[in-house]
Amino acid sequence: MRRYSAFAIAREAARYHTGWGRAWRNPTPKKSYDIVIIGAGGHGLATAYYLGKNHGLKNVAVVEKGWLGGGNTGRNTTIIRSNYLQDESAAIYEKARSLYESLSQDLNYNVMFSPRGVLMLAQTEHEIRGYKRTEHANRLQGVETRFIGPKEVKRLVPIIEISGPRYPVLGALWQPRGGTARHDAVAWGYARACSDMGIDIIQQCEVTAIRQKNGAVSGIETTKGEISCNKLGLVVAGNSGVLAEMAGFRLPIESVALQALVSEPIKPAINVVVMANTVHGYISQSDKGELVIGGGADGFNNYTQRGSFHHIEETVRALIETFPIISRLKMLRQWGGIVDMTGDRSPIIGRTPLENCFIDCGWGTGGFKAIPGSGWSMAATMARGEPDEFAAAFGMERFIEGRFIDESVAAGVAH
Amino acid sequence: MSARLARHGRLIDRRKPLQFTFNGRHLHGYQGDTLASALLANGQTLVGRSFKYHRPRGIVAAGPEEPNALVGLGKGAGFEPNQRATTTELFDGLIAESQNHWPSLEFDLGAVNKAMARFFPAGFYYKTFMFPRAAWEHLFEPIVRGAAGLGRVPQEKDKDTYEYFYHTTDILIVGGGIAGLQAAEIAGKSGLRVLLIEQTPDWGGRAMVDGVQINGIGAADWVEKALARLRAMPNVILRSRMMGAGVYDHGYALGYERLSDHDPKIPGPRHRLWRIRARRIITATGAIERPLSFAGNDIPGVMLAGAVRDYLENYGVSPGELTLVVTNNDNAYLSAIALHEAGLTVPAIIDARPEATGALPQKARALGLRVETGCAIGTVHGGKRVTSVTLCNQAGSGAILDEIPCDAVAMSGGWSPVVHLWSHCGGKLRWDADQAMFRPDPARPPRGANGAGFVIAAGTANGHLAAEAVMEDAAEAAAAAVRALGAKADPAKRATARSMPEMPILPVWSMPANAGPKLRMKTWLDFQNDVKVSDVRLAAQEGYESVEHTKRYTTLGMASDQGKLSNINGLAVLADSLSRDIPQVGTTTFRPPYHPISFGAIAGEARGPLFKPLRKSPIHDWLDANGAHWEPVADWRRPYCLRRSGETVKEAVTREILNTRQNVGLLDASTLGKIIVKGPDAGRFLDMLYTNMMSSLKVGRCRYGLMCNENGFLIDDGVVVRLSDDTFLCHTTSGGSDRIHAWMEEWLQTEWWDWQVYTANVTEQFAQIGIVGPKARSVLEALGGMDVSREALPFMAFQEGQIAGIRARVYRISFSGELSYEIAVPAALGQAFWNKALAAGGDFGMQPYGTEALHVMRAEKGFIMIGDETDGTVIPQDLNLGWAISRKKDDFLGKRAQQRPHMVDPNRKQLVGLLTEDPQVVLPDAAHAVEGPKRANGMENIIGHVTSSYYSPTLGHSIAMALIKGGSRRMGETLRFPVADGVVIRAQVVDPVFLDKEGERQNV
């Protein structure tokens, strides 16, 4: 792999950048791999990357029906945080966050991790208590968060309306090392690093069937032919139920469209990520200057990745109430992504009823922030054949046992 | 230099001059001008700076596709960034400023010169800024952020208002050009309801400047007559200044009407968002001209040929004195001819086609214009203004044949139908190679619930460029829509058009065809975001092959015009780089809105106090006037306490508690949810909803009930009252009334739809007032009218009747452990009853109290509070409420879930009481208990958390409740609560009932 650096750019500039090679290879699939991952989104690519990097498993293919990073990885609001209440969640999200800290250097690809800080506003007494509870838990879990008062909120976000007539800002849970990253770059960086290790990323290759022998997975059938494998990973948020059906089991998951939008670009107005769960909206400003705004999930099951209007309306109302100056800005674009919703809004990582078939899904509305941790844990789980320390609590058997890991307590609906 | 001509300008009124300022300069224009035409009329060709390189930018287009002329408009509370000069109607006193430069538009320190731009190709930031690690966060990113962005941030709260308008129609027609008008007439005659909308203030569209004849008369005359006929139809609504912003599922569409942007003096809302349900939508949205890709095509003075024509004919403005035309089609010759006929100089028409033999080129030649076929622009020279172009062979790589001085360039790369609204909801496109355009594929329209297509493209938007075909297609589109809705239409009774015939276009995606890297680095695709041909080629070279990858890697089409000008050219370059056909590469996704719409319009009226109207109890005003210290509770405000003068909040709470425990308190409990459940199956229904048996409740009695969700978790609690044999009244928590009512309805409507049960949320129909304390009975007796004795009205019973002359239901229930009555009276009589109670209670020392006293008193009794002791993960068994779970019932919501292994695990967190070692120390809310050494992953071993914690003035020490793993087996244990670094509070596990364990106080 040619290393990326300022020097490389300078060298290439001299010859009009004609010397840059492909960021990732475009291979023809081999007949067989040790491991096949279905889904070249962030989670799938990260899984492949850590299989190669941490476990030396490089005879790996990642197959993708569309283009890598083209699903939820490329359509989320890029928020990264780990201020979760439950121990199991805090562990895996903090692992992910800490991997993000050095991801650009690990991948030699600038994913623009920007730990500008995440604020979760408390706008009722109930929310104050909820966030204080999280603060207490996070301190004991080793996650750096702090409950701050309205004055400090105002200092961090000068454009915020602290004493709105309806829901005054009473304080906030502040995670100073939360932030954002460039979502496409995360997928591209992992893809480039995977490709460099010899892992094949096969795009435009839709899986049509999962083959099994004696109750264990033996391979897949795709639009580019049959591929056999010893182990199979399903990492296809939004389509998890479809793949599970091919593998012969059902998931406790519903697929719904989550709404998002951006404003036109303006000069820097807000330098941290703000989430307001009472009024329901979250906002940050991209490096391009757009306000990136997350809304709610549609109230019906759906596979079309389309924007709908009704959540946009609620979200924009909420944000104008919180940041009155945005009223005269304009919505540039809105879209939807299909997210997996589990009963407890926590993910599923682990084994499936089909032997040697593993699954990583159910990240709900907050999968982007988990990508490195999810890949790390899924890779370890697949390499060992059993859940690693992070995945142990997230097996799908918890829905049978009633052992929910419910974050709605502290996080409201938005993750 | 651009200037106002003495003639021309069909839209401006030269008798009405207007004053405006641009960057502080006082300029003038005319009524009817856009800001863009007025700027050009004043010779202002430099209007902004590009996003990445801060290059000089001039006006390119005349409509919403404009990528460059974005300005800040207005000031203070009326300031709006990023407004298009091309869609801004001029008014007297308009204030505009250019954007994205420092210190000034003419001299911008951020400008990246040509030599440096080479180091910033597409995606360069992914390859650098990585070392040292902290540098991205602290150095590079702040620089990038400061340089990016466009407009200034508004500083003040918006002064304007906005509103929604809901509208249902049979046929929505978007676009008021000749196709839209034709379609509206055909559809209107059918008698169906028609809404025709047009984004500009004027009707007729491009036909008005292109010399089209309709039914033998000029387009302008025909449009005027057509409008008159349409206005006479009662079933047709016409709206100008209203854009079709988005098409959503099932024929839902957004119309964005700008009511006073063109004249801020007009009172009323600034924008109105029409939320339209249409059975059919006809998109007659026209087409957008494409730029050509030649080096230097971003220099101010280079404009679209159609826009040049618009400025000339509509506003009497010339783009320059010497306007060179460059094209690959006949249509641009219209501009050359128009300029020439206006007395301006056209030094040459450069046509990439090997020959130009059509009627228009021949006319141009006949007028003496120089036409160079098979040629291209090699490079445009100039800095902040075009000075000349070099002529070269289109087939070559740029060898210079001639240099032609000029101060403006009119370019045309062909036209792309506006397919956005067609595509928003899934309509598919096909590539028309002959016309070099993506056009709607009628076989794959957006489909509604019944599978029928609900969007029909018409006219130019459907890929018909000649006026003759446009009028025919529009009539057919309207007839198809009408017939689909079961009415009759006669497309034969349509108007017919004539225009100058045009010869075929030659697709040209690079000019000259074999331009090398040096030229490609100076050839812009996306003017605002500074994406060049070289950038797209680099993306393809590096494997970003999908059109979505290319877009995201290069930012092509991500500017505020969303690729209206750049996308087709960009994906043609991508296709060429990959040696693929254009349709194989495909387009990026078209997303709403068509053109940006204000957040204000999206929010509508819902702002300030109307954001979410405050719910007020009937006693709200009295409480407000009597020292209420408010706290938000769900949609309500409730008094935390009622402060007397000179009192602190804490003192007030203590006083209220002690007075209620010793004498009697008065509580406004009106916010409690009250839901009537009625019908023959009401008891059966409540048996499923509550863990308790409710069907066995006797008329006249009350029962405390618990509701769980299907996962077994406790979601609400409250007292259920049986009013009559088939009628129950369910009390919910204050925050729960709407949620629980919806919950009931969901089950009734989706699962038990055949059960005979009705529900009604009567929360706001009653005021509910608690009279609480040892002297409560005396107060009620003093109020008079009802026997409230222990025998007549025992604990957990109720009576209906008159009290103090007011019709009331009196429930003997208690949330404080005291002798307590809750009296429900009609909401309108709530204040009257409150006043009477206050008067009667005076002799007994009665004082009103607030929510905090209520909380402390319930905690003293170990009563749980939904939201404190529960958090969505708690089952009743965890809270020692197993007694409220009926074992006689076959089923209830949550029953099966509560039998799962984890739910019966003795190590679940269970509710306990806590007494701190130092009784004066109050545990912080939500403090966590830890036990033993840290876990392997470095986390402390958390075993539970405090759910409620207070200082009890009644008991004289702190009390707390907590959910602790295996808590019920830990009685007497001392737990550690590390509450801050190095600070640990120790507390003993005790029974959570701290006061009156036997319940003697409430049972008197």
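Chain A is the first sequence line, chain B the second, and so forth, proteins listed ahead of strands; every chain is numbered from 1.
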Exercise. By a 4.5 Å heavy-atom criterion (distance strictly below it), what part of F140(B) contacts chain A: side chain, backbone, both, or neither?
Worked result: neither
Problem set entry | Lys/Arg N to Asp/Glu carboxylate O, E137(B) vs R177(A), below 4.0 Å | yes
For this session: Going by the side chain to side chain contact (heavy atoms under 4.5 Å, CB included) test, name the single residue among L261(A), L319(A), T315(A) that passes it with F599(B).
Result: L261(A)
Seminar exercise, completed: The interface call for S263(A) against chain B, heavy-atom contacts under 4.5 Å, is both
Exercise. Which answer fits F113(A), side chain, backbone, both or neither, if we ask what part of it has an atom under 4.5 Å from a heavy atom of chain B?
Worked result: backbone
For this session: Quick one: pull up CD1 in I92(A) and CG in N937(B) and give me the separation to the nearest 0.5 Å.
Result: 12.0 Å
For this session: Run the salt-bridge test on E141(B) and R116(A) with the 4.0 Å N-O cut-off and return the result as yes or no.
Result: yes
Seminar exercise, completed: CD of E407(A) to CG of D871(B), rounded to nearest 0.5 Å, is 10.0 Å
Exercise. When heavy-atom pairs shorter than 4.5 Å are enumerated against chain A, which of Q99(B), R270(B), E548(B), E631(B) gives the highest number?
Worked result: R270(B)
Problem set entry | E161(A), part contacting chain B, at a heavy-atom distance under 4.5 Å | side chain
Seminar exercise, completed: For S114(A) and W136(B) the tightest heavy-atom approach is CB-NE1, 4.5 Å
Exercise. Side chain, backbone, both or neither: which part of A245(B) has a heavy atom under 4.5 Å from chain A?
Worked result: neither
Exercise. Just how far is it from atom CG of L332(A) to atom CD1 of I597(B), taken to the nearest 0.5 Å?
Worked result: 11.0 Å
For this session: Give me the one residue out of P592(B), S598(B), P596(B), P593(B) that meets side chain to side chain contact (heavy atoms under 4.5 Å, CB included) with M331(A).
Result: P593(B)
Problem set entry | Engaged part of N26(A) at the chain B interface, taking heavy atoms whose separation is under 4.5 Å | side chain
Exercise. Mind checking whether Y126(B) and Y109(A) have parallel, tilted or perpendicular rings, split at 30° and 60°?
Worked result: parallel
Exercise. Can a cation-pi geometry be assigned to K612(B) and Y167(A), taking NZ or CZ under 6.0 Å from the six-membered ring centre and within 45° of the ring axis?
Worked result: no
Problem set entry | Most chain B-contacting option - heavy-atom pairs closer than 4.5 Å, from Q305(A), E101(A), R25(A), E314(A) | E101(A)
For this session: Take atom NZ of K288(A) as the centre, draw a 6.0 Å sphere, and report whether it contains more than 12 heavy atoms from other residues, nucleotides or ligands.
Result: yes
Exercise. So, the side chain of H126(A) versus the backbone of A634(B): is there a donor-acceptor pair under 3.5 Å, distance only?
Worked result: no
For this session: Look at Q141(A), E290(A), R139(A), K132(A) and state which one has the largest set of heavy-atom pairs under 4.5 Å with chain B.
Result: R139(A)
Exercise. Among R152(B), K518(B), E156(B), R537(B), which has the most heavy-atom pairs under 4.5 Å with chain A?
Worked result: K518(B)
For this session: Mind running side chain to side chain contact (heavy atoms under 4.5 Å, CB included) on T589(B) and W335(A) for me, showing each step along the way?
Result: CA-CA 10 Å; T589(B) 314; W335(A) 65 93; over 6 Å; no
Problem set entry | Side-chain (Q541(B)) to main-chain (H17(A)) donor-acceptor, under 3.5 angstrom | yes
Problem set entry | 4.5 Å side-chain heavy-atom contact, K330(A) and Q83(B) | yes
Exercise. So which part of I312(A) gets closer than 4.5 Å to some heavy atom of chain B, the side chain, the backbone, both or neither?
Worked result: both
Exercise. Going by an N to O cut-off under 4.0 Å, is there a salt bridge joining R84(B) and E264(A)?
Worked result: yes
Exercise. Could you give the distance from CE (M130(B)) to CZ (R3(A)), rounded to the nearest 0.5 Å?
Worked result: 7.0 Å
For this session: For the residue pair Y125(B) and R182(A), confirm or rule out a side-chain donor-acceptor distance under 3.5 Å.
Result: no
Exercise. Distance from I942(B) atom CD1 to H136(A) atom NE2, nearest 0.5 Å?
Worked result: 11.0 Å
For this session: Provide the closest heavy-atom pair for K267(A) versus L150(B) in the form atom of the first, atom of the second, distance.
Result: CE-O, 3.6 Å
Exercise. Below 4.5 Å, heavy atoms only, C-beta onward: do E313(A) and L273(B) meet side chain to side chain?
Worked result: no
For this session: Kindly check if the number of other-residue, nucleotide or ligand heavy atoms within 6.0 Å of CZ (F147(A)) is above 12?
Result: yes
Exercise. Is R900(B) reaching over with its side chain to a backbone N or O of F399(A), donor-acceptor style, under 3.5 angstrom?
Worked result: yes
Problem set entry | Sidechain-backbone polar pair: R333(A) side chain, M558(B) backbone, donor-acceptor under 3.5 Å | no
Problem set entry | Exercise: identify the closest heavy-atom pair between T128(B) and N110(A) | O-ND2, 3.0 Å
For this session: Pick one of side chain, backbone, both or neither for A318(A), based on which atoms fall under 4.5 Å of a heavy atom in chain B.
Result: both
Seminar exercise, completed: Whatever's closer than 4.5 Å to a heavy atom in chain A on P613(B) counts as backbone
Exercise. Where does A8(A) contact chain B at under 4.5 Å (heavy atoms): side chain, backbone, both or neither?
Worked result: neither
Exercise. After noting the C-alpha distance and the side-chain angles of E852(B) and E125(A), does the key distance pass the side chain to side chain contact (heavy atoms under 4.5 Å, CB included) rule?
Worked result: CA-CA 12 Å; E852(B) 185 64 2; E125(A) 295 290 337; over 6 Å; no
Problem set entry | L103(A) versus chain B, the contacting section by heavy-atom distance below 4.5 Å | neither
For this session: Answer yes when R22(A) and E545(B) have at least one side-chain N-carboxylate O distance shorter than 4.0 Å, and no when they do not.
Result: yes
Exercise. What do the steps show when you test M939(B) against L140(A) for side chain to side chain contact (heavy atoms under 4.5 Å, CB included), and what is the final call?
Worked result: CA-CA 6 Å; M939(B) 288 185 177; L140(A) 301 168; over 6 Å; no
Exercise. If you look at every heavy atom in L329(A) and P81(B), which pair is closest and at what distance?
Worked result: CD2-CG, 3.4 Å
Exercise. Can a salt bridge be assigned to the pair D184(A) and R552(B) using a cut-off of 4.0 Å between side-chain N and carboxylate O?
Worked result: yes
For this session: Over all heavy atoms of both residues, which pair between E321(A) and G608(B) is shortest? Give the atoms and the distance, please.
Result: OE1-N, 3.0 Å
Exercise. R403(A) and D905(B): salt bridge (Lys or Arg N to Asp or Glu O under 4.0 Å), yes or no, with the steps?
Worked result: CA-CA 10 Å; R403(A) 196 172 32 77; D905(B) 182 348; over 6 Å; no
For this session: For residues R328(A) and F79(B), report the shortest heavy-atom separation together with the two atoms involved.
Result: CD-O, 3.1 Å
Problem set entry | Trace of the side chain to side chain contact (heavy atoms under 4.5 Å, CB included) decision for S327(A) with K157(B) | CA-CA 8 Å; S327(A) 174; K157(B) 206 167 181 163; over 6 Å; no
Exercise. Do the charged groups of E12(A) and K127(B) touch, with an N to O distance under 4.0 Å?
Worked result: no
Exercise. Does any non-hydrogen side-chain atom of W188(A) lie less than 4.5 Å from one of E542(B)?
Worked result: no
